[in-house]
2 protein chains.
Amino acid sequence: MLREEERLALGAFVKLSRAVETVIAKTQRHLADSGLTLSQFGVLEALYHLGPLNQREIGRKILKSSGNISLVLTNLERRSLIHRTRLAHDRRHVTVELSDRGRELIETIFPRHSGTIVAALSVLDRQEQEELGRLCRKLGLANRSGRGQERT
Amino acid sequence: MLREEERLALGAFVKLSRAVETVIAKTQRHLADSGLTLSQFGVLEALYHLGPLNQREIGRKILKSSGNISLVLTNLERRSLIHRTRLAHDRRHVTVELSDRGRELIETIFPRHSGTIVAALSVLDRQEQEELGRLCRKLGLANRSGRGQERT
DNA sequence: CGGTGATAGTTTAATATCAAACTATTTTAC
DNA sequence: GTAAAATAGTTTGATATTAAACTATCACCG
């Protein structure tokens, strides 16, 4: 019914999706203990590793629309995990940075998050993880949204 | 700063997530032309390939919570793409099936959807797709949610 | 200047998503 | 046979998500 080429590609993609979903589900369970969603964690982690960013830069890092970032930041701000500041010399930009509480939280949570992923991937040996990374990198780069299809 | 094991696993996982996100983004753009979300498409596709199912079975197929399935079905029902029927001999169960309109729609859309994925994966040759499938299958199976963590 | 266009962020409307509480129904145990 | 437990589905409350419309600000050009 399906051509061979089709069967192979669809099968690989289903397995790819399922694999990501199962690992993400594990990380979400653990993040929920701290009352964080995966998106909130993504923002805190980006700020932690890259320092203060404006909202567009955050959106580019975690691949979300600007409207979405705006909301996620509002929720983080409500819990005093980040600060937003308008730049004086260009009032269109908002600089986002971790609060002390936010820094403490991400410093506590990141090792656990990382541990969850390392454990999940540990069914694959070093060489398999390298190969998986190589194939996914190739796939991701070839299909990255180009030609004016970035999210606004 | 990060141990080698950690760097490798986190790196592989980020690439894995990005690859899935980029391919999914492509399929969503195309599904949006028909006014379907990915979840709605997932339901229609399951019904198309597997025949009538109850809501729990659908949830298991597309890995979503029962509450979510309930809502997605309501939205599909509003557009007359599916029918819901209570089973006479066990009134707890709802049998979901494609309407004629739903069948027409999925028959039109599925080939395009499939084509999008085949095209996206085509940067990998046959052997690479097989290897990617093998690695992801291993990863997914090892981390499938067990121990009472299914979604309700 | 002074308007035109670009850029950053916010808001809105629709859908999705989960966990948890809830309803309805059936099965099981006593 | 009825009470308790299990099962299927729905609802609720909170967050996420996008596209598109919108606001505010700045840059550039005449």
Side-chain angles (χ1 to χ4, degrees), chain A residues 21 24-44 52-60 62-79 81-82 84-96 145 148-152, chain B residues 21 24-44 52-60 62-79 81-82 84-96 145 148-152:
Chain A
E21 276 163 6
I24 283 182
K26 284 200 167 179
T27 67
Q28 278 173 330
R29 270 180 231 125
H30 136 254
L31 289 175
D33 298 342
S34 312
L36 284 183
T37 66
L38 192 56
S39 283
Q40 291 173 349
F41 174 83
V43 170
L44 295 182
L53 299 171
N54 68 42
Q55 301 195 180
R56 270 197 128 86
E57 290 167 332
I58 294 174
R60 236 174 289 129
I62 70 172
L63 302 178
K64 295 287 151 67
S65 68
S66 67
N68 179 244
I69 296 295
S70 201
L71 176 70
V72 171
L73 287 176
T74 297
N75 288 332
L76 287 171
E77 202 173 28
R78 184 154 31 78
R79 292 174 58 190
L81 297 174
I82 55 127
R84 287 204 259 209
T85 329
R86 287 270 169 193
L87 268 194
H89 65 83
D90 185 344
R91 296 192 43 75
R92 287 173 304 181
H93 290 72
V94 171
T95 299
V96 184
S145 43
Q149 290 166 329
E150 295 78 15
R151 289 161 176 155
T152 57
Chain B
E21 276 162 8
I24 284 183
K26 285 201 167 181
T27 66
Q28 278 173 331
R29 268 180 234 125
H30 136 254
L31 289 176
D33 298 342
S34 313
L36 284 184
T37 67
L38 192 54
S39 283
Q40 291 173 350
F41 174 82
V43 170
L44 296 183
L53 298 172
N54 69 43
Q55 302 196 180
R56 223 111 201 142
E57 291 167 332
I58 295 174
R60 235 175 290 129
I62 71 173
L63 301 178
K64 295 289 151 64
S65 67
S66 67
N68 179 244
I69 295 296
S70 202
L71 176 68
V72 172
L73 288 176
T74 297
N75 288 332
L76 287 172
E77 201 172 30
R78 183 153 35 76
R79 292 174 59 191
L81 297 174
I82 56 128
R84 288 203 259 210
T85 329
R86 287 271 170 192
L87 267 194
H89 65 82
D90 185 343
R91 296 194 41 76
R92 289 171 303 182
H93 290 73
V94 171
T95 298
V96 184
S145 44
Q149 290 165 329
E150 296 79 14
R151 287 160 178 157
T152 59

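Order of the sequence lines fixes the chain letters, A, B, ..., with proteins taken first and strands second; residue numbering starts at 1 for each chain.
For D:dA8, the OP1/OP2 oxygens have no side-chain nitrogen or oxygen of B:Asn54 closer than 4.0 Å. Between A:Arg78 and D:dT15 there is a side-chain polar atom (N or O) within less than 4.0 angstrom of OP1 or OP2. Here B:Gln28 does not reach the OP1 or OP2 of D:dT17: none of its side-chain N or O atoms lies under 4.0 Å away. Between B:Ser65 and C:dT17 there is no side-chain N or O to OP1 or OP2 distance below 4.0 Å. Under 4.0 angstrom from either OP1 or OP2 of C:dG9 there lies no side-chain N or O belonging to A:Ser70. Side-chain nitrogen and oxygen atoms of A:Asn75 include at least one within less than 4.0 Å of the OP1 or OP2 phosphate oxygen of D:dA16.
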Dump every N/O contact between nucleotides 4-6 of chain D and the protein below 3.5 Å, one line per pair.
none

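Under 3.5 Å, the side chains of A:His93 and A:Asp90 contain a donor-acceptor pair of N or O atoms.
Side-chain contact check for A:Leu36 versus A:Leu81: some heavy-atom pair is nearer than 4.5 Å.
Closest approach to the B:His93 side chain among D:dT17, C:dC18, D:dG9 is made by D:dG9 (side chain taken as heavy atoms from C-beta onward). In the set D:dT15, C:dT15, C:dT26, D:dT15 carries the atom at the smallest distance from any side-chain atom of A:Gln40. In the set D:dA8, C:dT17, C:dG9, C:dG9 carries the atom at the smallest distance from any side-chain atom of A:Gln55. Looking at the side chain of A:Arg56, the nearest of the listed nucleotides C:dA8, D:dC26, D:dG9 is C:dA8. Closest to the side chain of A:Arg84, out of D:dT18, C:dT10, D:dG9, is C:dT10. The A:Thr37 side chain lies nearest to D:dA16 when the options are D:dA16, D:dT25, D:dA8.
Residue contacts for A:Asn68: at a heavy-atom cut-off of 4.0 Å it reaches a base atom on one of the strands shown. Here A:Leu38 lies out of heavy-atom contact (under 4.0 Å) with every strand.
Put simply, CG on B:Leu36 is 17 Å from P on C:dA14, counting in whole angstrom units.
Between B:Arg60 and A:Ala88, the one whose closest nucleotide on DNA chain D sits nearer the 5' end is B:Arg60. Of the residues near DNA chain D, A:Ser39 and A:Arg86, the one whose nearest nucleotide (by heavy atom distance) lies more toward the 5' end is A:Ser39.
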